[in-house]
Amino acid sequence: MRNKDLDAELEELSAAEVERRLQKLSGAPDAWQEAGGAGLATALCLAICSFLGVVASLGLITAEKTHLQDPEAALVCDVNPLIGCGKWIGTWQNEIFFGISNSVWGLAAFSALFMLALVLLARGRFHSLLWRVLSIGAAGGLLWIIWFVYESFFVSGTICPYCFIVWLATIPIIVLLISRSLQGGHWGDKGRGVGQFLVRNRFLCVFLLYGILIALGIFQLGGKFSALF
């Protein structure tokens, strides 16, 4: 009798595990995600990427401080005529919001996101309004990257290494915040299907955006790089 009960229990657990895995593969949210939480992988990725953003922002702030104290000082980020941050310091592109350096805004945004990621790692939950705000911020971050990539590759013809790190760190954040917000129903039921599609293909989305970024850099700056060597 006990063996039969045990077999039935194992069969039930197996069915539940299969259902859970199928749900995960389909991109459907679980109860925790619908309640405002996030999975371990999502929270960990947000924490790592936002931490990289903090480090890159601090590096750029340090370079800006060094340049302001001594305009002739050699900056660590100035590698060659194509890779460097010195020529961006003090330009309007680097101070588009109220004359404050982009790095300061970036430090504030990445620091806040890092703290929120720690909350998710601690199994905290966010209100739907916060998820919507985060996804709007992610969409704004995508527009900012598109604009600054254009300014870097097509107008200036140079790359700020710290900015490039920020781009690489921000792209996964954008994909995760938008996809998880839609998937969890925080924008209503109409967005769930789009969210589940994005969640299923989140790695593809990230690598596709990385590929576009690298391809644009090679297309626009490849000839200049080859001239340096």
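The distance from the CG atom of L209 to the CG atom of L204 is 9.5 Å, given to the nearest 0.5 Å. Between atom CG of residue L142 and atom CD1 of residue I178 there is a gap of 6.5 Å, rounded to the nearest 0.5 Å. Taken to the nearest 0.5 Å, the CD1 atom of I61 stands 12.0 Å off from the OG1 atom of T66. One finds the OH atom of Y210 at 5.0 Å from the CG atom of L168 (value rounded to the nearest 0.5 Å). How far OG of S181 is from CZ of R132: 9.5 Å, rounded to the nearest 0.5 Å. Remark: T158 OG1 to F153 CZ distance equals 9.5 Å, nearest 0.5 Å.
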task: Under the ring pair (Phe, Tyr, Trp, His ring centres under 6.0 Å) rule, what do F164 and W167 come out as? Steps first, then yes or no, please.
output: CA-CA 5 Å; F164 194 78; W167 300 343; 5.8 Å; yes
Check against side chain to side chain donor-acceptor pair (under 3.5 Å), S135 and W187
CA-CA 10 Å; S135 59; W187 285 97; 3.0 Å; yes
- [ ] Carefully, step by step, assess E34 and R125 under the rule salt bridge (Lys or Arg N to Asp or Glu O under 4.0 Å).
- [x] CA-CA 10 Å; E34 288 186 332; R125 297 180 297 175; over 6 Å; no
* Under the side chain to side chain contact (heavy atoms under 4.5 Å, CB included) criterion, do L107 and L58 qualify, and how do the steps go? -> CA-CA 7 Å; L107 178 62; L58 285 173; 3.8 Å; yes
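Side-chain contact check for V166 versus L60: every heavy-atom pair is 4.5 Å or farther apart. Looking only at side-chain heavy atoms (C-beta outward), L216 and Y150 stay at 4.5 Å or farther from each other. With a 4.5 Å cut-off on side-chain heavy atoms, Q196 and V199 do not count as touching. Contact of the L213 side chain with the I145 side chain is not registered, since no non-hydrogen atoms from C-beta on lie closer than 4.5 Å. Counting heavy atoms from C-beta outward, L134 and F126 have side chains that approach closer than 4.5 Å. With a 4.5 Å cut-off on side-chain heavy atoms, V175 and F203 do not count as touching.
Across all their heavy atoms, L198 and S179 have their closest contact at CB-CB, 3.5 Å. Residues I174 and A138 come closest through the heavy atom pair CG1-O, 3.5 Å. Considering every non-hydrogen atom in both R192 and D189, the closest pair reads NE-OD1, 2.9 Å. Minimum heavy-atom separation, R123 to A38: NH1-O, 3.9 Å. Between G36 and L120, the shortest heavy-atom distance links the atoms O-CD2, 4.3 Å.
No side-chain donor-acceptor contact under 3.5 Å links E151 and S156.
Y162 and F148 end up in different hydrophobic clusters when Ile, Leu, Val, Met, Phe, Trp and Tyr side chains are linked at under 4.5 Å. Linking ILVMFWY residues whenever their side-chain heavy atoms come closer than 4.5 Å, directly or via other members, places I173 and I212 in the same cluster. Under the 4.5 Å side-chain contact rule for hydrophobic residues, M115 and W105 do not share a cluster. F110 and V104 end up in the same hydrophobic cluster when Ile, Leu, Val, Met, Phe, Trp and Tyr side chains are linked at under 4.5 Å. Note: the hydrophobic cluster containing W144 also contains I100 (ILVMFWY, side chain heavy atoms under 4.5 Å, direct or indirect links).
In the displayed structure, F154 atom CZ is contacted under 6.0 Å by more than 12 heavy atoms of other residues, nucleotides or ligands.
By the ring-ring contact (aromatic ring centres under 6.0 Å, His included) test, F207 is found to be paired with no residue, residues two or more places apart in sequence or in another chain being considered. Remark: C85 pairs with C77 by the disulfide bond (SG atoms under 2.5 Å apart) rule, at least two apart or across chains.
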Listing, residues 39-56 side-chain donor-acceptor contacts under 3.5 Å, not counting sequence neighbours, or none:
residue, atom, partner, partner atom, Å
T42, OG1, R180, NE, 3.1
T42, OG1, R180, NH2, 3.3
S50, OG, L46, O, 2.7
S50, OG, A47, O, 3.1

